Amino acid sequence: MTGSKPPAKATAKAAATATGKAAGKPGAKRRGRPCKPRTLATSPHLDAFLDMLTAERGAAVNTRLAYERDLADLGRWLAQRSVALEAAGTEDLRAYLAVQSKDGAPRTVARRLSAMRQFYRFLLSEGRRVDDPASPLDSPKQGRPLPKILTEAEVGAMLSTAEARGGPEGLRLVALLEVLYATGLRVSELVGLPMTAIMRDGRGLLVRGKGGKERMVPLSDPALAALAGYIPLRGHFIPPAAGADAGHSPFLFPSRSSGEGHLTRQRFAQLLKQLAIDSGIDPEKVSPHVLRHAFATHLLDHGADLRSVQKMLGHADIATTQIYTHVVTERLKKVMHDHHPLARRKVDEPSEG
């Protein structure tokens, strides 16, 4: 109808559309989340630093996220003091670390200090600063925790429980335990062992460890006996397949369900936890790595030299192996305190007066 007014809703809609098309004008509609104003807690230089980690150093996603979390936490703390992240001084950073040290573990504080050092070193190299405020800061002292281990009696109890199960599952578990306890292999090395790892004389394994380095580790008589009992039943764990490869697997410990073709580390850890429960042992004490620790500590207990233990464990540096000597020393101290007559006498003597 000529001269009639358009409905009010249509007029409002048309006006909103026209407003949205007006580029750069206030009130224009924008898709997605609205941009938040950048505060002192964040910094464009932080984004550039994180991009550098990814592009130049090939940092993994989790590594980048860890740096971002640590530096963002520092930025929020500095913002409360009205200091920008890129403008912090040494005393600002020292005060932040002091607060962190009260509530956090030394390892966490050391990680955050490392992130700070790399960030401010980046700003210095990019000409964004003329100094590095993190360079004078000292790293927190970290006490190295002693490895958790099992006693020889606890390992023996787990082996006895596994042997009592019988059948293919029980025999495989006995073989896994005996080989691990006899060699101290890393769990990834153990579950991924190829059949060709068994040496021709059958007395040892040729293991490819970290960095592709090979080492020879001898097998104990119990481990050899366990493998002899398991290998004839190994086919039970090989997935069925059509063609020439049916019934074959290159792995010593194959798996029907694993996409890797062999028993996974996670599944082996689960089997150990259940075995610990069945053996009356706290499952929190038991893991494949704890058995590796037990192997090394028990060898030293029985007089093995440190260099031999280093070679069997595949440690590149003997300093890594020396941690087990501290375990032995601490245990000897406890034995002396608990059983030496003079130590007991001091405890039992009544106080004078």
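Here the structure is a predicted model, which means the values were calculated and not measured.
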Contact summary for Val83 and Ala88, nearest pair of heavy atoms: CG1-CA, 3.8 Å
Heavy atoms, side chains only, cut-off 4.5 Å: are Leu97 and Leu137 in contact? yes
Interatomic distance, OG1@Thr183 vs CZ@Arg215, rounded to 0.5 Å, equals 7.5 Å
Would you give the length of the straight line joining atom CG of Leu113 to atom OH of Tyr96, rounded to the nearest 0.5 angstrom? 10.5 Å
Pairing donors with acceptors under 3.5 angstrom, does anything connect the side chains of Gln118 and Arg57? yes
Met199 vs Leu205, side chain to side chain contact (heavy atoms under 4.5 Å, CB included): CA-CA, chis, key distance, verdict: CA-CA 6 Å; Met199 300 179 69; Leu205 298 172; 5.7 Å; no
Contact between Phe119 and Leu85 at the side-chain level, heavy atoms closer than 4.5 Å - yes or no? yes
Given 3.5 Å as the limit, does a donor-acceptor pair link the side chain of His293 with the main chain of Gly184, or not? no
Check whether the side chains of Arg292 and Tyr181 place a donor and an acceptor atom closer than 3.5 Å, and report yes or no. no
Measuring only between side-chain heavy atoms, which start at C-beta, is Leu123 closer than 4.5 Å to Phe49? no
Got His262 and Pro254 here, is their nearest side-chain heavy-atom distance under 4.5 Å? no
Can you get from Leu159 to Leu271 by hopping between Ile, Leu, Val, Met, Phe, Trp and Tyr side chains that sit under 4.5 Å apart? yes
N-O pairing of Arg203 and Asp201 below 4.0 Å: no
Starting from the C-alpha separation in whole Å, work towards a yes-or-no answer on side chain to side chain contact (heavy atoms under 4.5 Å, CB included) for Met312 and Phe295. CA-CA 10 Å; Met312 285 187 280; Phe295 156 81; 4.0 Å; yes
Ser135 side chain to Asp132 main-chain N or O, any donor-acceptor pair under 3.5 Å? yes
Flag the pair Lys273 and Asp282 as a salt bridge only when some basic side-chain nitrogen lies within less than 4.0 angstrom of an acidic carboxylate oxygen. no
Evaluate salt bridge (charged side-chain N to carboxylate O under 4.0 Å, His left out) for Arg94 paired with Asp138, printing each intermediate quantity in order. CA-CA 9 Å; Arg94 185 172 283 120; Asp138 296 325; over 6 Å; no
Does Arg117 have more than 12 heavy atoms from other residues, nucleotides or ligands lying within 6.0 Å of its CZ? yes
Check step by step if side chain to side chain contact (heavy atoms under 4.5 Å, CB included) holds for Val191 and Thr264. CA-CA 6 Å; Val191 297; Thr264 64; over 6 Å; no
Interatomic distance, Ser258 atom OG to Arg265 atom CZ [nearest 0.5 angstrom]: 11.0 Å
Identified side chain to side chain contact (heavy atoms under 4.5 Å, CB included) partner of Phe237 from the options Pro168, Ser249, Ser255: Pro168
Please round to the nearest 0.5 Å and tell me the distance separating atom CG of Leu227 and atom CD1 of Ile198. 5.5 Å
How close do Leu224 and Gly202 get, counting heavy atoms only, and between which atoms? CD2-O, 2.8 Å
Under a 4.5 Å side-chain heavy-atom rule over Ile, Leu, Val, Met, Phe, Trp and Tyr, are Leu173 and Ile231 clustered together? yes
Tell me whether Glu56 contacts the main-chain N or O of Leu53 through its side chain, where contact means a donor paired with an acceptor under 3.5 Å. no
Does a side-chain heavy-atom distance below 4.5 Å link Asp70 with Met116? no
What one should report as the nearest heavy-atom pair of Val174 and Ala226 is CG1-CB, 3.9 Å
Any ion pair linking Arg76 and Asp73 (charged N to carboxylate O, less than 4.0 Å)? yes
Please give me the minimum heavy-atom distance between Leu252 and Tyr230, naming the atom from each residue. O-OH, 2.7 Å
Do NZ/NE/NH1/NH2 and the carboxylate oxygens of Arg165 and Asp278 come within less than 4.0 Å? yes
Is Arg208 salt-bridged to Glu189, going by a charged N under 4.0 Å from an acidic O? no
I need the Phe268 CZ to Leu275 CG distance, nearest 0.5 Å. 9.0 Å
Run the side chain to side chain contact (heavy atoms under 4.5 Å, CB included) check on Arg64 and Asp51 step by step: do they pass? CA-CA 9 Å; Arg64 177 183 171 121; Asp51 290 340; 3.2 Å; yes
Connected via hydrophobic side-chain network under 4.5 Å: Leu313 and Leu185: yes
Distance to the ring centre below 6.0 angstrom and angle to the axis at most 45 degrees; does that hold for Arg172 and Phe253? no
Answer whether the closest heavy-atom distance between the side chains of Glu68 and Leu65 falls below 4.5 Å. yes
Mind checking whether Met195 and Leu263 sit in one hydrophobic cluster, side chains of I, L, V, M, F, W, Y counted as touching below 4.5 Å? yes
Does one hydrophobic cluster hold both Met216 and Leu219, with members joined at side-chain heavy-atom distances below 4.5 Å? no
Residue set satisfying side-chain contact (heavy atoms from CB on, under 4.5 Å) with Ala95, at least two apart, ordered chain then number -> Trp77, Arg81
Grab the two heavy atoms, one from Tyr120 and one from Leu74, that are nearest each other, plus how far apart they are. OH-CD2, 3.9 Å
Can you tell me how far the CZ atom of Arg69 sits from the CZ atom of Arg111, to the nearest 0.5 Å? 7.0 Å
Nearest atoms (heavy-atom pairs only) where Ser114 meets Tyr67: OG-OH, 4.4 Å
